[in-house]
Amino acid sequence: MTTTPTSLDSKLHAIADPTRRRILAALKQRGPASTSAPAIGKHTRLCAGDIEERVHLSQPTISHHMAILTKAGLVDAVKQGQWRWYRRNEKTLRRLVKSLRTQL
């Protein structure tokens, strides 16, 4: 499956920002998350507060960046009660890398 130019552009825009790359790296790290974090298989999701602690940014800033990453499809978000839980979309990230290798 190939990535369309528009889709590729939105993904590249999302990872162009160093803060969003730090967030993706934080989501990749294993380690303690909120005690109420839902685990899906071997992947633990993080809430905005967990991400705040890992990248040292304010909650509104985290929410802004998470919206961009989610819209690009690089992060999955699940709303559970009043919380929104995030995790990397590994399948989409692998496709992005494959697409870049093919096109460059």
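- To the nearest 0.5 Å, atoms NZ (K11) and CD1 (I68) are separated by 14.0 Å.
- Side chain of K79 to main chain of R84: no donor-acceptor pair is present (N/O by atom type, distance under 3.5 Å, no hydrogens or angles).
- L8 is listed as a side-chain neighbour of Q103, based on a closest heavy-atom distance under 4.5 Å.
- The two residues Y86 and I51 come nearest to each other via the heavy atoms CD1-CD1, 4.0 Å.
- If you take CG on L100 and CZ on R95, they are separated by 13.5 Å, rounding to the nearest 0.5 Å.
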Could you walk me through whether T92 and V75 pass side-chain contact (heavy atoms from CB on, under 4.5 Å), step by step?
CA-CA 9 Å; T92 299; V75 170; over 6 Å; no
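- Taken from CD in Q29 to CG in D50, the straight-line distance is 11.5 Å, to the nearest 0.5 Å.
- Follow the hydrophobic side-chain contacts under 4.5 Å out from L46 and you never reach V78; the two are in separate clusters.
- Taken from NZ in K71 to CG in L69, the straight-line distance is 12.5 Å, to the nearest 0.5 Å.
- A donor-acceptor pair shorter than 3.5 Å cannot be found between the side chains of S7 and S10.
- The side-chain contact (heavy atoms from CB on, under 4.5 Å) test with L27 singles out one residue from R54, R45, M66, and that residue is M66.
- By the rule that hydrophobic residues join a cluster once side-chain heavy atoms approach within less than 4.5 Å of another member, L104 and L12 end up as members of one cluster.
- Residues meeting the side-chain hydrogen bond (donor to acceptor under 3.5 Å, both in side chains) test with Q59, sequence neighbours left out: S63.
- For the pair L96 and L74, the minimum side-chain heavy-atom distance is below 4.5 Å.
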Would you be so kind as to tabulate the donor-acceptor pairs closer than 3.5 Å made by side chains of residues 17-25, with sequence neighbours excluded?
{"from": "D17", "atom 1": "OD1", "to": "T19", "atom 2": "N", "distance (Å)": "2.7"}
{"from": "D17", "atom 1": "OD1", "to": "T19", "atom 2": "OG1", "distance (Å)": "3.4"}
{"from": "D17", "atom 1": "OD1", "to": "R20", "atom 2": "N", "distance (Å)": "3.3"}
{"from": "R20", "atom 1": "NE", "to": "A14", "atom 2": "O", "distance (Å)": "2.7"}
{"from": "R20", "atom 1": "NH1", "to": "H65", "atom 2": "ND1", "distance (Å)": "3.0"}
{"from": "R20", "atom 1": "NH2", "to": "H13", "atom 2": "O", "distance (Å)": "3.4"}
{"from": "R21", "atom 1": "NH1", "to": "I15", "atom 2": "O", "distance (Å)": "2.8"}
{"from": "R21", "atom 1": "NH1", "to": "A16", "atom 2": "O", "distance (Å)": "2.9"}
{"from": "R22", "atom 1": "NH2", "to": "V55", "atom 2": "O", "distance (Å)": "2.5"}

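- One distance of note links CH2 of W85 with SG of C47; it measures 4.5 Å at 0.5 Å rounding.
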Go through the steps for T102 and S99 under the test side-chain hydrogen bond (donor to acceptor under 3.5 Å, both in side chains), then give the verdict.
CA-CA 5 Å; T102 302; S99 178; over 6 Å; no
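- Between N89 and D76 there is a side-chain heavy-atom pair separated by less than 4.5 Å.
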